[in-house]
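One structure is given below, encoded as structure tokens.
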Amino acid sequence: MEINIRQWIVSVMILGALLIGGCAQQEATSQPPNLPTEPPVTAQAPDAFSNLPRLEGKAKVRMVIKGKPVIIEVDGTNAPITAGNFVDLVQRQVYDGSLFHRVVRTPQPFVAQGGDPQSKNPKADPQTFGTGGFIDPATGQERSIPLEITPEGAQSPVYGSPLQVARINQPPVLKHKRGAVAMARSQAPDSASSQFYFALSDLEFLDGNYAVFGQVLEGMDVVDGIQQGDRIDSAEVIEGLENLRSNNPSNGPS
């Protein structure tokens, strides 16, 4: 279904809710995010990301929010690096105690976004929430992962570029359906780290621009009830941990 003019205006207004405020440290432009304003980006070879966790297959994560469970299926088949990063961070308890710093429901249900490690600190300035990512203790630097989207019919993901910018017409395999779980990022495509969001409705206009890596299987009523400032009590991998792979011992099982 094509987006009408009103939907497009609304989408441009609320799309900024997915942008990480300071991760990429790049100035915003006057162009709406993710519209093709430059030549196609050449996808980086997967070997360039060999130091990042990967999920070979699927896994399930139980996330407890305000005492209520949400079961997420994580898809490493179609988003191996994005899914592997998430599962690795769950294993590291990065999300335990973090809060949802941005929840957008008007003018239409949009997203509940969280996963900034800074938000775990009760003394932290709330104004900084949404600007942080996971600092890898092995390197002392923020881990960033590439934008990773698998088009329908493709044998492997496209890296480092929204599909429209890469001039790929096929829709992604993993779409922004209600309950989808995806990575937030800055305007730089390869700037996602730990922040993620739940899609609160079908968000077709985001397809191909942000990396979906999972889907809520149970507990969508809990997701619908998330308020800004609510914390994640805990998150744990309940199935598929054996599918997590890494060349870096600090990233978990190999």
Side-chain angles (χ1 to χ4, degrees), residues 14-21 23-24 52-53 55 58-65 69-76 78-104 109-120 129-135 142-149 172 174-186 188-201 203 206-207 209-217 219-220 222-224 226 228-237 244:
I14 63 180
L15 192 57
L18 299 182
L19 297 179
I20 301 171
C23 279
L52 296 172
L55 187 69
K58 295 187 178 182
K60 288 184 181 178
V61 168
R62 179 192 290 116
M63 184 173 288
V64 180
I65 303 169
V70 176
I71 306 300
I72 302 167
E73 182 179 69
V74 184
D75 189 342
N78 294 294
I81 293 175
T82 314
N85 177 68
F86 182 76
V87 169
D88 176 63
L89 296 181
V90 168
Q91 277 296 100
R92 293 172 178 268
Q93 300 181 312
V94 168
Y95 296 120
D96 295 9
S98 65
L99 58 75
F100 290 93
H101 61 272
R102 188 174 288 132
V103 179
V104 182
F110 187 44
V111 301
Q113 181 177 335
D116 183 347
Q118 297 179 115
S119 68
K120 300 173 69 168
F129 296 167
T131 66
F134 168 64
I135 304 299
E142 182 172 304
R143 178 201 288 171
S144 295
I145 62 171
L147 180 62
E148 177 185 52
I149 303 173
L174 301 179
K175 298 177 176 64
H176 282 81
K177 299 295 186 182
R178 171 173 153 82
V181 190
M183 294 302 291
R185 61 174 177 82
S186 74
D190 296 343
S191 57
S193 180
S194 61
Q195 293 184 46
F196 70 95
Y197 59 91
F198 292 112
L200 301 180
S201 62
L203 303 172
L206 296 182
D207 288 345
N209 291 316
Y210 290 83
V212 175
F213 64 88
Q215 181 71 34
V216 173
L217 297 181
M220 193 61 203
V222 179
V223 174
D224 286 335
I226 293 173
Q228 190 163 309
D230 286 348
R231 291 192 181 274
I232 298 171
D233 300 331
S234 62
E236 63 175 330
V237 183
L244 182 63

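When a residue number appears, it is its place in the shown sequence, counting from 1. Computation of the quantities below employed the complete heavy-atom set of this structure, encompassing side-chain atoms and omitting hydrogens, waters and symmetry-equivalent molecules.
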Output all residues satisfying ring-ring contact (aromatic ring centres under 6.0 Å, His included) with F213, sequence neighbours left out; order by chain, then residue number.
F86

Inter-residue atom distance K120.NZ - L99.CG, 0.5 Å rounding:
11.0 Å

Please report the interatomic distance CD(Q195) to OH(Y95), rounded to the nearest 0.5 Å.
9.0 Å

Measure the spacing between CG of L174 and CG of N78 and express it to the nearest 0.5 Å.
4.5 Å

Do P53 and V87 come close enough that some side-chain heavy atom pair is under 4.5 Å?
no

With side chain to side chain contact (heavy atoms under 4.5 Å, CB included) as the criterion, how do F110 and L206 come out once you've worked through the C-alpha distance, each side chain's angles and the decisive distance to 0.1 Å?
CA-CA 11 Å; F110 187 44; L206 296 182; 4.0 Å; yes

All heavy atoms of V74 vs all of A83, minimum pair found to be CG1-CB, 3.3 Å

Look at the side chain of K175 and the backbone N and O of D207, then say whether any donor-acceptor pair between them is shorter than 3.5 Å.
no

State, to 0.1 Å, how close G132 and E142 come at their nearest heavy-atom pair, and which atoms those are.
C-OE1, 4.3 Å

Report yes or no: does R231 contribute a side-chain atom to a donor-acceptor pair with the main-chain N or O of S119 at less than 3.5 Å?
yes

Looking only at heavy atoms, what is the nearest atom pair of M183 and Y197, with distance?
O-CE2, 3.4 Å

Going by the rule side-chain contact (heavy atoms from CB on, under 4.5 Å), which residues pair with V103 if we only count those two or more places apart in sequence or in a different chain?
F100, R105, A112, I226, Q228

Give me the atom names and distance for the closest heavy-atom approach of V216 to M220.
CG1-N, 3.9 Å

Enter the distance from D96:CG to L89:CG here, rounded to the nearest 0.5 Å.
11.0 Å

Show the numbers, then the answer: is there a side chain to side chain contact (heavy atoms under 4.5 Å, CB included) between Q215 and D75?
CA-CA 8 Å; Q215 181 71 34; D75 189 342; over 6 Å; no

Assess whether atom NZ of K177 is packed by more than 12 heavy atoms of other residues, nucleotides or ligands within 6.0 Å.
no

For S191, does its backbone N or O pair with a side-chain atom of S186 as donor and acceptor, under 3.5 Å?
no

Is there a donor-acceptor pair closer than 3.5 Å between any side-chain N or O of Y210 and the backbone N or O of R185?
no

On a heavy-atom basis, which atom in R62 and which in P69 lie closest, and how many Å separate them?
CG-CB, 4.1 Å

Minimal heavy-atom distance between G133 and D116, with the atoms involved, is N-OD1, 4.3 Å

Taking atom NZ of K60 as the centre, report whether more than 12 heavy atoms of other residues, nucleotides or ligands fall under 6.0 Å from it.
no

If you define the side chain from C-beta out and look only at heavy atoms, does anything of V181 sit under 4.5 Å from M63?
no

Roughly how far apart are D88 CG and R143 CZ, rounded to 0.5 Å?
4.5 Å

Check for a donor-acceptor pair, side chain of D190 on one end and backbone N or O of L147 on the other, with a separation under 3.5 Å.
yes

Please confirm whether the backbone N or O of P117 pairs with a side-chain atom of S98, one donor and one acceptor, at under 3.5 Å?
no

Is V111 close to L203 at the side-chain level, that is, under 4.5 Å between some pair of heavy atoms?
yes

Worked verdict on D224 versus R178 for salt bridge (charged side-chain N to carboxylate O under 4.0 Å, His left out):
CA-CA 10 Å; D224 286 335; R178 171 173 153 82; 2.7 Å; yes

Kindly compute the distance separating CG (D230) from CD1 (I65), expressed to the nearest 0.5 Å.
8.0 Å

